[in-house]
Amino acid sequence: MRMHKKGHLEERISACGDIVTVADLSDKNMKRAALTPEYLPFNELFGNDNPVCLEIGCGKGKFVCEMAKKNPHVNFVAVEKISNVLIEALERAKQEEIKNVYFLNCAAEVLQKYFKSGSVDVIYLNFSNPLPKEGYKKQRLTHPRFLGIYGGILKKGGKIIQKTDDEAFFDFSLGSYTEVGFKILDERRDLANNPVECDVETEHEKKFKEQGKRIYRVEVEV
């Protein structure tokens with residue numbers, strides 16, 4: 001089902017211009033587009049040099065906004081490529097006056113355009129689309145081609161924390177992490193019965209738990 005475009009979308013995003021960068025991807029060749037740096041100036045955006053954590057695919061922003069409020073001495077950047085979804089996260093952050101979260105409207109393929117090498121401490125991958133058809137596996141956000149991008153922007157010893165309700169996608173992701181040489185630090189196949197302290201529930205996670213689905217979580221080190 002196609003998502004209807006939200007009313008006055010461009011104006012609403014513009015009104016949140018102080019907390020979002022909208023990618024100019026007029027160059028449809030993403031590999032080439034990523035080569036022209038437009039690094040986010042974290043010191044200017046946040047007014048400090050606190051650690052930076054990145055959520056890729058933030059949806060409506062529940063996770064990143066709650067994480068930012070719980071961790072005021074950490075800066076959060078949230079990436080969402082669908083502007084129709086991102087606007088809800090932007091307006092939530094504005095309404096709640098959260099000062100340590102910033103948004104980026106772009107695809108994961110061009111992250112190196114906006115993040116310097118070794119500038120990110122933690123990457124969160126929350127309920128990414130599992131894209132189960134074999135022909136789409138290179139588009140999965142834990143495919144080795146994406147892990148190469150993440151490894152380029154994470155600090156040495158930086159972490160990726162992933163959650164999903166899809167066991168096949170989880171197993172695929174574990175294989176990808178091992179293939180590129182990332183170290184699996186913690187693996188949980190039933191998060192509800194083996195919770196992580198200070199974890200924040202996402203919109204999808206809440207829905208899946210209510211449906212009785214098992215939640216899978218892994219933490220890896222680069």
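Residue numbers run from 1 in the order of the sequence given.
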Begin with the C-alpha distance, continue with both residues' side-chain angles, and end with the deciding distance and a verdict on side chain to side chain contact (heavy atoms under 4.5 Å, CB included) for V77 and F103. CA-CA 5 Å; V77 180; F103 296 88; over 6 Å; no

What I'd like to find out is whether the side chain of [X] reaches to under 4.5 Å of the side chain of [Y], using heavy atoms alone.
{"X": "I98", "Y": "K69", "answer": "yes"}
{"X": "I56", "Y": "I123", "answer": "yes"}
{"X": "Y150", "Y": "L141", "answer": "yes"}
{"X": "I160", "Y": "L125", "answer": "yes"}

Is the number of heavy atoms from other residues, nucleotides or ligands within 6.0 Å of [atom1] ([X]) greater than 12?
{"X": "K209", "atom1": "NZ", "value": "yes"}
{"X": "Q95", "atom1": "CD", "value": "no"}
{"X": "E44", "atom1": "CD", "value": "no"}
{"X": "K155", "atom1": "NZ", "value": "yes"}
{"X": "K183", "atom1": "NZ", "value": "no"}
{"X": "K206", "atom1": "NZ", "value": "no"}

cation_pi(R140, F169) dist<6.0 Å, angle<=45: no

Step through it carefully: locate the ring centre of Y39, locate the ring centre of Y114, and say whether they are under 6.0 Å apart. no

Tell me whether the centres of the aromatic rings in F208 and F127 are closer together than 6.0 Å. yes

Output the distance between atom [atom1] ([X]) and atom [atom2] ([Y]), rounded to the nearest 0.5 Å.
{"X": "K99", "Y": "L45", "atom1": "NZ", "atom2": "CG", "answer": "13.5 Å"}
{"X": "D199", "Y": "E197", "atom1": "CG", "atom2": "CD", "answer": "10.5 Å"}
{"X": "I161", "Y": "C53", "atom1": "CD1", "atom2": "SG", "answer": "8.0 Å"}
{"X": "L35", "Y": "R32", "atom1": "CG", "atom2": "CZ", "answer": "9.0 Å"}

Count I, L, V, M, F, W, Y as connected when their side-chain heavy atoms are under 4.5 Å apart, and connections chain through other members. Are V122 and V64 then in the same cluster? yes

For [X] and [Y], which I'm curious about, is there any donor-acceptor pair between the side chains at under 3.5 Å?
{"X": "E205", "Y": "N126", "result": "no"}
{"X": "N75", "Y": "N48", "result": "yes"}
{"X": "Q162", "Y": "Y216", "result": "no"}

Expected output: side-chain K62 to main-chain E203 donor-acceptor under 3.5 Å: no

With a 4.0 Å cut-off on N to O distance, would you call K94 and E91 a salt bridge? no

Stepwise side chain to side chain contact (heavy atoms under 4.5 Å, CB included) test for V218 and R188: CA-CA 6 Å; V218 65; R188 305 186 188 216; over 6 Å; no

Heavy-atom pair of closest approach, residues K6 and N84: N-OD1, 2.7 Å

For V222 versus G151, what's the shortest heavy-atom pair and its separation? CG1-CA, 4.2 Å

